[in-house]
Each structure stands twice: as structure tokens, then as C-alpha cells.
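Numbered from 1 within each chain, the chains take letters A, B, ... in sequence-line order.
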Amino acid sequence: MEELLDDLNDKQKEAVEYLDGPLLILAGAGSGKTRVLTYKMAYLLEKEIVKPWEILAITFTNKAANEMKERVNNLIGEKAEDVWLGTFHSICVRILKREIGILGFSNTFNIFDDLDKDKVIKEIVKNLKIDEKQYPISLLKYEISKAKDNMKDYKKYKKEAMGDFRKEQIADIYEVYQKTLKQNNSIDFDDIIMFTVKIFSENPDILMKYQSKFKYILVDEYQDTNKAQFLLISLISASHGNICVVGDESQSIYGFRGADISNILNFEKEFSNAKIVKLEENYRSTQNILNAANAVIKNNKSKIDKNLWTSNEIGEKIVYKTLDNEYAEVEYIVEKIDEICRKENMTYADFAVLFRTNAQARVLEEVFVKSGTPYRLIGGLKFYSRKEIKDLTSYLKLIQNTSDNIALKRIINEPKRGIGDTALQRLEQIAIEKNISIFDVMQDSDNLVGIRSAGNIIMFRDMINSIIARKDSLKVSDLMKVILKESGYEDMLNEDATKDAENRFENLMEFIGVAMEFETESADNTLADFLDSIALVSDVDKLEEDAEAVTLMTMHSAKGLEFNVVFIVGMEEGLFPSRRSIDEDEACEEERRLCYVAITRAKKKLYITNASKRTLYGSTAYCINSRFIAEIPEELFDDEGKENIEKRKKKSQKYIDKEYVQVEGILEKTGGYFGGIPSKSTSKVTPFGIDVNSFLNNISGTKNVAKNIDNTNKYVVGMSIKHKKFGIGTIQKIDPEDDDLKLEIMFDKYGFKRLMANHTPLEILD
DNA sequence: AAAACGCCGGTTTTT
DNA sequence: CCGGCGTTTT
């Protein structure tokens with residue numbers, strides 16, 4: 001064991017060995033915090049200070065939890081198996097399975113995902129006849145979520161809302177939403193934490209049980225905890241104070257979803273006699289990369305003094321390059337990856353491309369596919385939100401918990417079995433009157449008298465009942481196969497000969513594959529466990545360690561990961577930092593922390609790129625450099641990058657000074673908008689800048705310059721042309737209109753259209 | 001019940 | 001520009 005600790009530096013060792021009460025480890029990026037946590041766990045177990053099941057260790061993702069368990073086992077043998085190690089949510093679900101009865105739920109409860117939440121809130125808004133324009137679903141969801149993060153149930157929310165009509169309205173929706181959840185014997189993500197804390201704070205006996213069970217508590221990524229999570233750990237550790245949290249204020253990037261940075265800033269106040277250990281030696285990155293990261297984060301008004309350093313080599317300069325547009329940007333990256341792989345004995349797995357918003361992923365994918373570069377895209381289209389997956393999951397959820405009306409409503413007529421809206425409404429009506437679930441309404445055939453589709457309902461109900469009877473004797477994967485067969489879902493897909501149906505079927509097979517894997521890997525593998533596990537899994541969890549592919553993901557998803565070569569793309573004001581953050585100091589500081597996270601993912605090489613003109617959400621805008629580029633000292637960049645910075649500075653100045661700018665080969669006067677993105681402007685503002693067209697329209701005497709270059713002499717009657725959307729057609733008539741031409745064209749497939757020549761790109765076919 | 005049309009919104013996202 | 005949705009149309 002002593003030898004084991006020799007692997008650690010002095011500070012790390014101090015953090016591992018300190019066991020007298022609360023400990024805050026301030027761990028800079030790449031300073032070995034996971035190492036400290038795993039060694040600490042190993043140390044606690046090896047020295048037999050506590051038993052495995054007396055340790056509660058909380059990580060940010062399931063992936064991190066699994067890795068940690070594996071690493072502890074590697075250090076001291078298979079002792080970590082019984083440690084309670086998981087995310088806040090998975091740990092709390094485990095607790096709720098035992099304790100939720102006290103809140104009036106049964107422990108067969110289901111977990112609502114985001115889509116369920118949407119659906120329910122939408123329905124409530126409709127029923128309460130509230131204007132969806134004034135109370136958008138997204139806002140309601142956010143409000144309710146925020147309330148729960150702050151431990152406000154609807155009663156408390158209601159009290160605080162008094163006198164504020166708008167809040168009162170939201171409080172009403174919150175109340176109905178919460179009651180609906182209860183009726184469905186379901187809880188949402190935020191309830192998982194809030195309910196656990198509620199049970200603990202209202203029931204000293206239950207709390208005491210867990211306080212004496214968990215003798216040591218470890219929390220990773222502490223800077224991203226919210227108030228409810230803080231309360232949870234402080235309640236459990238209150239009796240003994242054996243709590244160790246690890247975090248880095250500079251990497252707090254989830255403020256937008258309730259993470260409360262003051263948890264880490266005020267740790268000393270909240271936990272008396274807390275000891276603080278700082279880990280400031282970075283083992284990951286080259287000096288150049290680390291210097292860049294430090295220089296950027298220096299611009300935040302940090303509350304915590306720190307000095308992250310490394311004894312690694314100085315390393316290569318940071319490459320900074322501006323490309324013409326978003327396609328050129330990615331093409332450049334693909335070329336570079338190819339070049340580095342050839343020259344430097346690296347493989348695709350060494351690379352990551354980090355972007356700010358998922359909307360950027362489309363171009364990345366397009367270019368990667370075209371160039372044949374293997375990649376894996378994290379996030380984006382979620383497997384579990386696909387229709388067919390949601391459908392099968394809903395069958396499983398209904399079987400697990402027949403109170404789940406949401407699941408029932410989703411699949412009662414999927415596949416079509418002749419149970420329409422009227423019948424469903426009738427059933428729902430009775431369910432409300434009798435205060436039972438819709439499924440229970442169906443169980444009593446007397447309730448179905450007078451409903452035309454009663455026969456179909458009975459068939460559906462009997463089918464579900466017969467599957468419920470087998471749910472404990474069948475493996476989950478077999479249960480899924482039975483459902484697909486007996487519900488008619490499989491037949492429905494087979495009868496549909498489209499590619500789409502084929503895809504759906506394949507997805508379902510993949511889903512069954514997930515279940516089979518779950519059965520072999522997991523000790524607890526009941527249906528309930530499976531449903532929990534899929535509700536609580538994230539995209540990053542599925543990231544395989546050694547896939548031979550370039551990783552494409554958001555900067556947020558990259559937290560906690562590292563790569564030899566990192567490309568940060570779209571370094572433009574309005575995109576990164578995002579347009580919505582640039583007016584607010586706190587939001588902008590969070591963007592800067594995100595930039596810090598992104599830079600510190602890189603071990604050996606860092607590339608920063610942007611586009612001089614970018615099309616996003618259908619409009620094209622000129623871009624000016626992200627402020628974060630200017631925050632990196634010039635001497636850290638390669639020569640070309642330095643030059644580029646100068647060039648870009650001048651160019652931005654031109655935009656500001658109403659000089660000239662080149663647009664598709666034509667010199668045009670600028671409108672002088674680019675000193676920053678104007679918050680109030682009559683011109684069309686895209687999410688990240690100024691729309692090129694409206695920009696150019698503001699140029700004196702020029703109208704709509706972004707049109708095609710003069711087309712007026714190109715066309716003759718009878719010419720055959722090709723249009724991007726309408727395909728092939730023949731020009732029938734040409735009329736001059738203003739300084740443009742009105743073309744009347746008969747398309748082969750789309751029939752007759754009138755188009756303006758200078759506004760429509762047409763390919764001449766002859 | 002499906003297709004067609006029109007409107008809105010589009011950071012980040014766990015879990 | 002794209003997709004998701006709600007509404008209208010057939």
C-alpha cells in the first residue's frame with residue numbers, strides 16, 4: 001500500500017491520506033483528480049477504514065463510475081464491487097426503490113423522460129386553456145426543473161408566487177403536472193433528487209439509517225452540483241463529516257441547468273473545519289496548451305486563486321486558421337487529420353473535434369462521410385427518443401407499472417388496433433371519475449359497456465395481461481421479443497415495405513441487443529432495473545474507449561475526456577461565445593470556462609479554426625473572431641496563426657470602419673455593423689451575426705448584392721435548365737423586370753413556375 | 001388516417 | 001435551412 005501511494009505527488013498523497021472530516025480538493029484540469037479519488041477509495045478499503053458498502057461515491061456520468069470501479073479493482077483486487085458508486089441519479093433511484101413508499105408512490109415507479117414531460121405539460125396547458133404562446137412548454141419545463149433543483153415543490157412554489165400572476169399560473173401548471181406524475185406512479189429526473197432529499201429531511205429515522213450506512217462520501221465534479229444535490233450530500237454526511245469533494249471552479253459549465261458554482265466557492269463555510277488541498281500540477285498537456293488555457297481563464301473574475309503548471313515539454317505551437325466557410329473549415333480538418341496520421345504515427349482515435357452547438361455537426365458529418373474519415377458523433381439524434389424505441393419502451397413501462405397512462409396512451413393504438421380517440425377519452429374520463437388508472441378501467445369489462453371498440457380494448461388488455469403474467473419468468477430481451485410478436489408491432493413493420501420500416505426494425509433489434517448486453521453484464525437485471533438503466537444513461541456513457549474513429553462532440557460532452565489532438569471549431573463571436581451569452585457577464589464567463597475545458601482536453605496538439613463567412617440556420621453571416629482567440633497570447637500561435645490574427649483584426653476593423661469587403665469576387669462597401677453583434681438592429685440578425693443579404697442591402701446604392709452575378713444575358717427561350725429543387729425544365733418565356741428577368745419555366749416534375757433569374761441558381765444543361 | 005401546409009424556433013444537457 | 005408541431009385538407 002505504501003508503495004501504491006508512491007505513484008502520487010505530495011499534494012495528491014495529502015488528499016488521499018487526509019481523513020479527518022470535510023475535504024475539498026481543488027483539482028485543476030489534468031491534475032489527476034480521478035487518480036486521487038480512486039486511490040482514496042483503494043486506501044480506505046485497503047486500510048480497512050471502512051467496508052466497501054460504507055462508501056458512497058458519486059460521479060458525473062455512468063461511464064466515469066464504471067471506470068472508477070475498474071481502476072479501484074485494478075489497484076487492490078475485486079473489492080470495489082459493493083461500493084455505492086454511481087451518478088447522483090442512479091444512487092438516488094436506488095434509495096427511492098426502498099424508501100419512496102413514504103411519499104405515496106409504489107416502488108414500481110417509472111421515470112419520465114424529457115419527451116414524456118413535454119407531452120404531459122402540453123396536455124395540461126391545453127386542458128387549463130392556457131395560451132401556449134405566453135407560456136411556452138420550454139419555459140414551463142425550465143421553471144419546474146429549476147424549482148425542483150432548488151427543492152421547491154409546488155406548494156412552496158405556489159406560496160412564493162402569490163401576487164405574481166404569471167408565477168401563479170405557472171404554479172398551477174406545476175401542481176397539475178406533479179399530481180399527474182403521481183397518478184401515473186412516475187417521477188421525473190429532477191424528482192429523483194428532490195424526493196430523496198425530501199425523504200431525508202422530513203424523516204430523521206430514515207436519514208439516520210443512511211448516515212450510519214455511508215461512513216465516507218466522495219463526490220466528483222463538485223463544481224457542477226446543484227442545490228438539491230448539495231443538500232443530499234450534506235444531509236448524509238452531517239453526522240460524521242466524512243466527505244471529500246473534488247472539483248474545479250474553472251470547469252463549471254452547467255450553470256444553465258442549475259449547477260450552482262457557490263457550492264464549491266462556499267464549501268468552507270458550509271462544512272466547518274474543512275480542509276482544502278489544491279492540485280496544481282497538470283500531467284496532461286504541453287506547456288503551450290496549458291498556457292493558452294490559463295491565459296483565457298485569467299479573464300474571469302475567479303474567486304479561487306490557482307496556478308496550474310506542468311513539467312511537460314513546451315510542445316508545438318497552437319495552430320490557428322481561418323477558412324472561407326464552414327465546409328472549408330471541416331475540409332481543412334479532415335486533411336490535417338489525414339496528414340498527421342500519415343506523418344506521426346497517430347490513429348483516428350487520437351483526434352477530437354469540439355464544437356459549441358449540435359447544429360454544427362451536420363456539416364462535420366457530411367464532410368467526414370465524403371472524405372471517408374471514420375468518425376463517431378456523440379449526442380445528436382438520441383437513440384432512445386426514436387419512435388420505435390419509445391414505443392417498445394412504453395410497452396415495457398406499462399407492463400412494469402400499469403398506472404403509467406402516458407405509456408398506455410402511446411401504445412394503445414400502435415400498431416393500429418381500432419381504438420380511437422373517442423374510446424380513449426371515454427376511458428380517461430372514467431379513470432378520472434374513479435381515480436384509477438386507465439388500464440384498471442379496462443380490467444373491468446363493465447366499464448366498457450357502450451364503447452364501440454370494447455372488443456378491441458379487451459383484446460389489447462388481455463394481450464398486456466398475458467405478457468405481465470410472464471414478466472418475471474422471462475429475460476428482458478425475451479420479453480421484448482414477445483411484445484413485438486404478440487402486440488402486432490413486428491407484423492406492422494413487416495407489412496410496410498419501406499426503407500423506413502426496415503430501419504425501425506433494425507433499431508429495435510439493436511435495442512434488444514442492448515437488453516442482452518445488460519443481462520450479461522449486470523447483476524440486477526429485472527425489468528425494473530433495465531428500465532432504470534436506460535432512463536439514466538447518457539450519450540457519453542456509450543462512448544467506447546478504443547474505437548478507431550475521430551470523436552465529434554460538443555465541448556460540454558468533452559468534459560472529463562482527453563485527446564492527443566483537439567480541433568476547436570467555429571471560434572467566432574456569436575457562435576462561441578454564443579450570441580445569447582455575450583450581453584451577460586456571468587453567462588459569458590461560463591462560455592469562457594467552457595473554452596478552458598475545451599482547450600485543456602488537448603494533450604499534444606491544439607488547432608483552433610473559424611470561418612470568415614458561415615451559413616447557419618439558413619442565413620449566411622460574416623464572422624468576426626471569438627474574443628477567446630484574442631485572449632490567447634500571440635506568441636503561443638504558429639507563424640501562420642499570428643499572421644492570421646493580424647489579418648482578421650484588420651478585416652474586422654474594416655467591417656467596423658465602413659470600408660470595403662469582398663463578397664464572392666465583388667468588392668462591396670460594408671454597412672459597418674461588425675464591431676460587435678448589435679442587439680437592436682433593423683437588419684436581420686442571425687444567431688451568430690448579421691445576415692449577409694441584409695448586411696449588403698445596407699450598402700449605399702446597392703440592392704441585394706448577394707444575388708447571383710448578373711444573369712440577364714444568360715438565358716434564351718427554349719433552353720433547358722436544372723433547378724436545385726424543381727429539377728429539369730424548359731424556359732418558356734423571359735420578361736425583363738426591374739434590372740432582373742422573370743423566367744417562366746415548365747419543369748418536368750414540378751410543372752409551371754415563375755422564377756427571378758438573379759435570385760435563382762439555375763444550371764444550364766445544353 | 002394520412003398527406004399537405006404553414007408556423008416557429010433553433011446553445012449547451014444530465015440524467 | 002430543417003424539423004417538429006398543429007392544423008387543415010382529402
Here the distance between atom C1' of C:dT7 and atom NZ of A:K133, to the nearest Å, is 11 Å
4.5 Å side-chain heavy-atom contact, A:F628 and A:E591 | yes
Could you check whether A:E591 gets within reach of a base, just the sugar-phosphate, or nothing at all, counting any heavy atom under 4.0 Å?
-> base
Please name the residue in the list A:N226, A:D190, A:D191 that meets the side chain to side chain donor-acceptor pair (under 3.5 Å) test with A:K148.
-> A:D191
Parallel, tilted or perpendicular, as decided by the 30° and 60° cut-offs, for the rings of A:F368 and A:Y375 = perpendicular
Any side-chain N or O of A:K122 under 4.0 Å from OP1/OP2 of C:dG6?
-> yes
When you check the phosphate oxygens OP1 and OP2 of B:dT12, does a side-chain N or O of A:Y142 lie under 4.0 Å from one of them?
-> no
N/O (side chain, A:S581) to phosphate O (OP1/OP2, B:dT11) under 4.0 Å = no
Would you indicate, yes or no, if B:dT14 has its OP1 or OP2 atom less than 4.0 angstrom from a side-chain nitrogen or oxygen of A:T87?
-> no
Atom OH of A:Y617 and atom P of B:dG9 are separated, to the nearest Å, by 13 Å
Does A:N62 have a side-chain nitrogen or oxygen under 4.0 Å from the phosphate oxygens OP1 or OP2 of B:dT14?
-> no
Given atom CZ of A:R580 and atom P of B:dG10, what is their separation to the nearest angstrom?
-> 6 Å
Round to the nearest Å and state the distance from A:Y254 atom OH to B:dT12 atom C1'.
-> 7 Å
What do you reckon, are the aromatic ring centroids of A:F511 and A:Y384 less than 6.0 Å apart?
-> yes
Strand partner of B:dA3, provided both Watson-Crick or wobble distances fall under 3.5 Å | C:dT8
